[in-house]
Amino acid sequence: MTRVMGVLNVTPDSFSDGGRFLAPEAALAQASRLVAEGADILDIGAESTRPGAEPATAEGEIARAVPVIAAVAARSDVALSIDTMKPQVARAAVAAGASIWNDVTALTFSADACDVAAELGCQVVLMHMQGEPRTMQAAPRYDDVVAEVTDYLACRAEAAMAAGVRRAAIWLDPGIGFGKRLEHNLALLANLDRLVALGFPVLLGVSRKSFIASVHPPAKLTENRLPASLACALAGAEAGVAAVRVHDVAETAQALAMWTAIRTASRL
Ligand code: HH2
């Protein structure tokens with residue numbers, strides 16, 4: 001069954017939940033809520049990667065994320081993921097109880113990233129992004145987006161394994177919305193099976209993203225994008241992704257439970 005990764009951003013400026021869970025008590029309450037709603041994994045992020053976002057310092061990320069990770073780890077055995085590109089932050093998060101390093105730069109942010117991932121021994125999500133968050137949506141260009149993203153992620157998995165990361169610890173993510181136009185996002189969603197065929201678990205992050213408003217203009221506000229987010233999650237489940245990264249955990253868990261029940265019912 002496709003697992004649900006609940007998003008918990010302890011940032012001032014994330015595109016969907018920025019500023020809402022900055023206070024530690026608010027973050028802990030939201031973590032408990034997401035677990036109660038059916039999250040299998042919580043992805044805690046302390047730097048926004050939305051287009052145009054200003055970079056955070058490692059010290060700032062650690063100060064915001066680590067106390068929340070430590071407090072959630074003390075109260076619950078839900079798997080915890082740290083959404084960061086910085087090895088220093090990943091190291092502090094794993095020490096506090098995170099077991100997954102979710103890296104939107106696929107271990108390319110610094111020269112030591114692969115070595116740190118190998119040393120930490122945690123699970124690692126390698127995500128594809130063209131460019132960097134501040135400017136990535138300016139002029140994304142691909143000749144064959146599906147082939148380029150798939151090849152890139154296969155290469156990054158090889159690089160991680162060459163540094164000593166276990167094959168079984170590697171996840172891949174096509175990076176929907178990260179340096180991609182609408183047609184690129186849709187091509188990747190329509191061909192997720194090609195990424196799944198590489199044999200690594202695939203994580204899909206589509207929740208509330210802006211390409212939804214390009215497909216359906218009334219979904220201009222992020223809070224109005226749940227139906228399309230669910231449609232994308234089910235498309236991911238159909239293609240065999242291992243987990244979906246979402247803001248709306250209860251709704252996604254319900255949609256996936258029904259999809260799984262239908263898929264596993266015997267056909268007459
Ligand atoms: N999307 C976002 C952040 N991190 N990580 C992975 N692996 N895949 C994604 O698709 C992904 C991600 C963007 O969403 P959000 O965290 O809600 O926003 P922000 O980056 O503004 O904090």
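One-based numbering, in listed order, for ligands and for the atoms of each. Values below: every heavy atom of this structure, side chains too, minus hydrogens, waters and symmetry copies.
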Only heavy atoms of [X], strictly under 4.0 Å: list the atoms of ligand 1 that pass.
X    : result
L203 : 7 (N)
S14  : 19 (P), 21 (O), 22 (O)
D173 : 6 (C), 7 (N), 8 (N), 9 (C)
G205 : 10 (O)
V104 : 4 (N), 5 (N), 12 (C)

Looking at [atom], what's its closest protein heavy atom, distance included?
atom                    : result
atom 17 (O) of ligand 1 : H247 NE2, 2.7 Å
atom 21 (O) of ligand 1 : S48 OG, 2.7 Å
atom 18 (O) of ligand 1 : F15 CD2, 3.2 Å
atom 20 (O) of ligand 1 : T49 OG1, 2.6 Å
atom 4 (N) of ligand 1  : D83 OD2, 2.9 Å
atom 5 (N) of ligand 1  : N102 ND2, 3.1 Å

One pair to check against side-chain hydrogen bond (donor to acceptor under 3.5 Å, both in side chains): S110 and D112. What are the steps and the verdict? CA-CA 6 Å; S110 63; D112 63 343; 2.5 Å; yes

Report the distance from atom CZ of F211 to atom CG of L188, rounding to the nearest 0.5 Å.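 One gets 10.0 Å once the value is rounded to the nearest 0.5 Å.
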
Which is closest to atom 3 (C) of ligand 1 in terms of heavy atoms, R50, M127, R245, K209?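 Shortest heavy-atom distance from atom 3 (C) of ligand 1: R245.
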
Could you tell me if the side chain of V241 sits less than 4.5 Å from the side chain of L192, heavy atoms only?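 Contact flag for L192/V241 side chains = yes.
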
Check: F109 and P87 side chains under 4.5 Å, non-hydrogen atoms: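 The answer is yes; the side chains approach within 4.5 Å.
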
For I82, which of D103, I100, V89 qualifies under side-chain contact (heavy atoms from CB on, under 4.5 Å)?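 Result: among D103, I100, V89, V89 is the only option passing the side-chain contact (heavy atoms from CB on, under 4.5 Å) with I82.
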
Distance-only N or O hit between ligand 1 and D13, under 3.5 Å: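 It does not: no N or O of D13 is found under 3.5 Å from an N or O of ligand 1.
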
Can you see which heavy atom on A93 is nearest to which on V66, and at what distance?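 Reported closest heavy-atom pair: N-CG2, 4.1 Å.
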
Restricting to pairs with a member in residues 241-266, which pass salt bridge (Lys or Arg N to Asp or Glu O under 4.0 Å), not counting sequence neighbours?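 Every pair satisfying salt bridge (Lys or Arg N to Asp or Glu O under 4.0 Å) with a residue in residues 241-266: D43-R245, D83-R245, R208-D248, E238-R263.
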
I'd like to know if E47 pairs up with K86 as an ion pair, taking the criterion as any Lys NZ or Arg NE/NH1/NH2 lying under 4.0 Å from an Asp or Glu carboxylate oxygen.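 Yes, E47 and K86 are salt-bridged.
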
Y142/H184 aromatic ring centres below 6.0 Å: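 Yes, the ring of Y142 comes within the 6.0 Å limit of the ring of H184, centre to centre.
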
